[in-house]
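Fair warning: this is a prediction, and the values are worked out from it, not measured in the lab. Residue numbering restarts at 1 for every chain, and letters A, B, ... go by the order of the sequence lines.
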Amino acid sequence: MTTKPARTRLAPSPTGRFHLANARNALYSYLLARQTGGQFILRIEDTDQKRFVPGAEEVIVRSLDWLGISPSESPFHGGPYGPYRQTERREIYLQRAQLLVKGGHAYPCFCTSERLNEMRKEQEARKVDRVRYDGTCRVLDPDDSARRIAGGEKYIIRFKMPYEGTTTAHDHLRGDIIIENKYLDDYVLLKSDGLPTYHLAAIVDDHEMQITHVLRSAEWLPTFPLHVQIVRAFGWDEPVWVHPSIMLKPSGKGKMSKRDTAAAMKDGHSIFIDDLNELGYIPEGVLNWIAFMGWGVAEDDVMTLDQMVERFSIDSLTPSPAAINFQKLDHFNGTHIRLLTIEDLAARIKPYLTGAGLEVPHETLLKVTPLIRERLVTLDDSLAFATFFFK
RNA sequence: GCCCCCAUCGUCUAGUGGACUAGGACGCAGCCCUUUCAAGGCUACGACCGGGGUUCGAAUCCCCGUGGGGGCACCA
């Protein structure tokens with residue numbers, strides 16, 4: 001392939017667990033980078049301090065390592081475009097936001113949340129199509145605003161969305177997405193705590209870190225035109241935007257909820273990577289499973305990571321939502337377990353056996369492994385089939 | 001409510017106007033192999049959401065419905 005090296009990124013927020021959708025975006029990003037001889041980087045989007053979960057960052061990195069798709073640049077690995085944690089980049093965002101204000105693309109807003117709430121209520125009562133900021137501060141005199149800021153008044157910075165016209169954003173999988181600007185809003189770019197919102201931070205960082213392909217969840221589609229507007233306001237080049245489909249619960253009715261994840265766990269399944277590890281799934285199986293939720297391959301869909309690197313293409317990603325299928329996870333896992341050498345499989349089984357308090361001599365284990373490998377769906381199953389041979 | 005996205009077997013998908021009797025995989029059913037259970041092999045069942053166009057010809061292009069999903073925060 002003669003493609004230029006791609007720089008891709010995974011940009012999770014450390015606010016929860018590392019799940020399937022994160023892993024899939026990571027996988028596709030990793031595949032594209034490796035295939036083109038580029039870099040896959042990890043950036044932590046921790047600008048929401050209220051929702052920050054301690055330890056979440058570590059789980060993300062551990063999950064990526066376990067899957068075998070580690071980033072080459074991250075808060076933990078370092079790299080030439082750091083820092084890779086957004087709270088450590090606040091000066092950059094402030095500076096860029098001020099640049100937009102100077103250019104007339106953004107403005108400071110002094111409205112209190114109380115006033116905003118009232119405004120919203122009033123608009124809802126009027127049953128407007130689109131509740132949005134009424135523009136009070138949009139027309140303020142810049143010098144007055146500067147004085148108020150200098151005087152210590154609390155403020156935020158909003159993007160100045162055109163009231164008229166349309167915005168066309170190009171998604172690699174769906175083509176042009178056209179929206180009338182009146183359905184967009186004067187989105188907040190910089191919060192009163194001085195930290196940016198996603199809209200500003202992601203756009204600035206993707207540019208600063210020279211990301212060539214942005215792969216992110218389709219949940220971003222509604223604000224996609226806004227992001228394109230911001231890129232254009234800065235006068236920057238756009239990356240290639242790819243929004244893989246969202247993942248639906250097994251029934252196909254909506255996204256996974258707390259209840260759905262609990263139900264899955266009862267059956268020995270999970271959408272969380274660290275759970276999958278503990279349940280005895282192997283990275284090869286999990287990777288294969290997530291790869292094909294949204295990636296259309298004609299035949300031969302059992303693949304190793306290296307084979308995926310060879311065959312991957314963002315052109316063959318599908319735009320429609322995919323329902324999670326745990327039976328397929330079991331199938332891929334069992335298949336990949338059988339692809340392992342006896343030595344490799346034995347080594348992976350061992351902790352499960354010793355963890356159950358069994359004494360496991362290596363010689364015996366090597367003899368037993370071929371006997372049970374045909375019936376393993378997970379490594380954990382070895383306990384049920386092999387306990388008999390040990391004491 | 002408004003906006004956006006999507007639409008092929010139960011599920012994941014191949015298919016980019018004729019090679020489609022619509023292919024593969026999971027699951028399901030049966031058979032073979034096998035002392036049993038698996039694994040493996042074979043076979044069966046099983047889909048182009050509906051209606052209009054365009055065209056000699058439409059799963060494939062366009063429009064309208066319908067259905068499903070997502071989004072409407074100083075969250076990402």
Query - Salt bridge present between A:R9 and A:E73 (N-O < 4.0 angstrom) - result: no
Requested in this report: Give the rounded distance in Å between these two atoms: CZ of A:F18 and P of B:A76.
Outcome: 19 Å
Report task. For this output row, return yes or no: ring centroids of A:Y281 and A:W289 closer than 6.0 angstrom. Result -> no
**Report entry** NZ/NE/NH1/NH2 to OD/OE distance under 4.0 Å, A:E122 and A:R126
**Finding:** yes
Query - Interatomic distance, A:W289 CH2 vs B:U13 C1' [rounded to whole Å] - result: 16 Å
Query raised in the report: For A:R130, which contact category applies under a 4.0 Å heavy-atom criterion: base, sugar-phosphate, or nothing?
Result: sugar-phosphate
Report task. Mark up nucleotides 31-42 of chain B, 5' to 3', with B wherever a protein heavy atom is under 4.0 angstrom from a base atom, S wherever such an atom reaches only the sugar-phosphate, and - elsewhere. Result -> ------BBSS--
Query raised in the report: Could you state the NZ-C1' distance from A:K127 to B:C3, rounded to the nearest angstrom?
Result: 18 Å
Report task. Name the nucleic acid region contacted by A:S245, choosing base, sugar-phosphate or nothing; use a 4.0 angstrom heavy-atom cut-off, strictly under. Result -> nothing
**Report entry** Touch class at under 4.0 angstrom, heavy-atom based, for A:S217 against every strand present
**Finding:** nothing
**Report entry** Atom-to-atom span, CG of A:N333 to P of B:A25 - whole angstrom
**Finding:** 20 Å
Query - salt bridge (Lys or Arg N to Asp or Glu O under 4.0 Å) evaluation trace for A:R147 with A:D144 - result: CA-CA 5 Å; A:R147 262 192 294 279; A:D144 283 345; 2.8 Å; yes
Query raised in the report: Quick one: on RNA chain B, does A:L248 or A:Y187 contact a more 5' nucleotide (nearest heavy atom)?
Result: A:L248
Query raised in the report: Hey, what's the ring geometry for A:H336 with A:F332, parallel, tilted or perpendicular (30° and 60° as the breaks)?
Result: tilted
Report task. Enumerate the residues from residues 140-170 of chain A whose closest heavy atom to RNA chain B is under 4.0 Å, giving them by residue number; use none for an empty result. Result -> A:I156
Where do N or O atoms of nucleotides 4-11 of chain B meet protein N or O atoms at under 3.5 Å, pair by pair?
residue	atom	partner	partner atom	Å
B:C5	O2'	A:R174	NH1	2.9

Requested in this report: Would you tell me if any nitrogen or oxygen in the side chain of A:K191 comes within less than 4.0 Å of OP1 or OP2 on B:A76?
Outcome: yes
**Report entry** Separation of atom CZ in A:F292 from atom C1' in B:C12, rounded to whole Å
**Finding:** 10 Å
Query raised in the report: Residues in ring-ring contact (aromatic ring centres under 6.0 Å, His included) with A:W295, at least two apart?
Result: A:F292, A:F312
Query raised in the report: Given atom CD1 of A:I290 and atom P of B:C12, what is their separation to the nearest angstrom?
Result: 17 Å
Report task. Over 60° means perpendicular and under 30° means parallel, so classify the ring planes of A:F272 and A:H19, tilted if in between. Result -> perpendicular
Query raised in the report: What interatomic distance, in whole Å, is found between P of B:C2 and the corresponding atom of B:G65?
Result: 13 Å
Query raised in the report: Considering Watson-Crick and G-U wobble pairs with both distances under 3.5 Å, what does B:G40 pair with?
Result: B:C32
Query raised in the report: Taking any strand in view, what nucleotide pairs with B:A47 in a Watson-Crick or G-U wobble way, both distances under 3.5 Å?
Result: none
**Report entry** Same-atom distance (P) from B:A22 to B:G1, integer angstrom
**Finding:** 40 Å
Query raised in the report: Within less than 4.0 Å of OP1 or OP2 of B:G67, is there a side-chain N or O belonging to A:K253?
Result: no
Query raised in the report: How would you label the contact of A:R120 with the nucleic acid (heavy atoms, under 4.0 Å): base, sugar-phosphate, or nothing?
Result: sugar-phosphate
Query raised in the report: If we take the C1' atom in both B:U43 and B:C61, what is their distance in whole Å?
Result: 38 Å
Query raised in the report: Distance between the P atoms of B:G70 and B:G27, in whole angstroms?
Result: 27 Å
Report task. Name the nucleic acid region contacted by A:G294, choosing base, sugar-phosphate or nothing; use a 4.0 angstrom heavy-atom cut-off, strictly under. Result -> sugar-phosphate
Query raised in the report: Looking at B:C74, does its base get a donor-acceptor pair with the side chain of A:S113 below 3.5 Å?
Result: no
Query - Nearest-angstrom distance from the residue atom CD of A:Q123 to C1' of B:C2 - result: 13 Å
Query raised in the report: So which nucleotide does B:C2 pair with, by the Watson-Crick or G-U wobble rule with both distances under 3.5 Å?
Result: B:G71
Query raised in the report: Is the Lys NZ or Arg CZ of A:R148 less than 6.0 Å from the centre of A:Y155's six-membered ring, within 45° of the axis?
Result: no
Query raised in the report: Is it true that A:F159 and A:H227 have ring centroids separated by less than 6.0 Å?
Result: no
**Report entry** Face-on cation placement of A:R138 at A:Y163 ring, 6.0 Å and 45° thresholds
**Finding:** yes
Report task. Write down the distance separating the P atoms in B:C9 and B:C56, rounded off to the nearest Å. Result -> 31 Å
Report task. Evaluate the criterion salt bridge (Lys or Arg N to Asp or Glu O under 4.0 Å) for residue pair A:R43 and A:D206; output intermediate values, then yes/no. Result -> CA-CA 10 Å; A:R43 179 175 74 229; A:D206 286 339; 3.0 Å; yes
Query raised in the report: Can a side chain N or O of A:T15 be found less than 4.0 Å away from OP1 or OP2 on B:A76?
Result: no
**Report entry** Separation between the C1' atoms of B:U34 and B:G15, rounded to whole Å
**Finding:** 40 Å
**Report entry** Atom P, compared across B:C49 and B:G71: separation rounded to whole Å
**Finding:** 25 Å
Query raised in the report: When A:Y187 is tested against each of A:L200, A:L226, A:T197 for side chain to side chain contact (heavy atoms under 4.5 Å, CB included), which residue passes?
Result: A:L226
Report summary line: By the Watson-Crick or G-U definition, both distances under 3.5 Å, B:A7 is matched with B:U66
Query raised in the report: Nearest-Å distance, CG (A:N22) to P (B:A76)?
Result: 15 Å
Query - Sequence neighbours excluded, every pair satisfying salt bridge (charged side-chain N to carboxylate O under 4.0 Å, His left out) that has a member inside residues 337-346 of chain A - result: A:D344-A:R348
Query raised in the report: Can you name the ring-ring contact (aromatic ring centres under 6.0 Å, His included) partners of A:Y81, sequence neighbours left out?
Result: none
**Report entry** Whole-Å C1' distance, B:G52 and B:U66
**Finding:** 14 Å
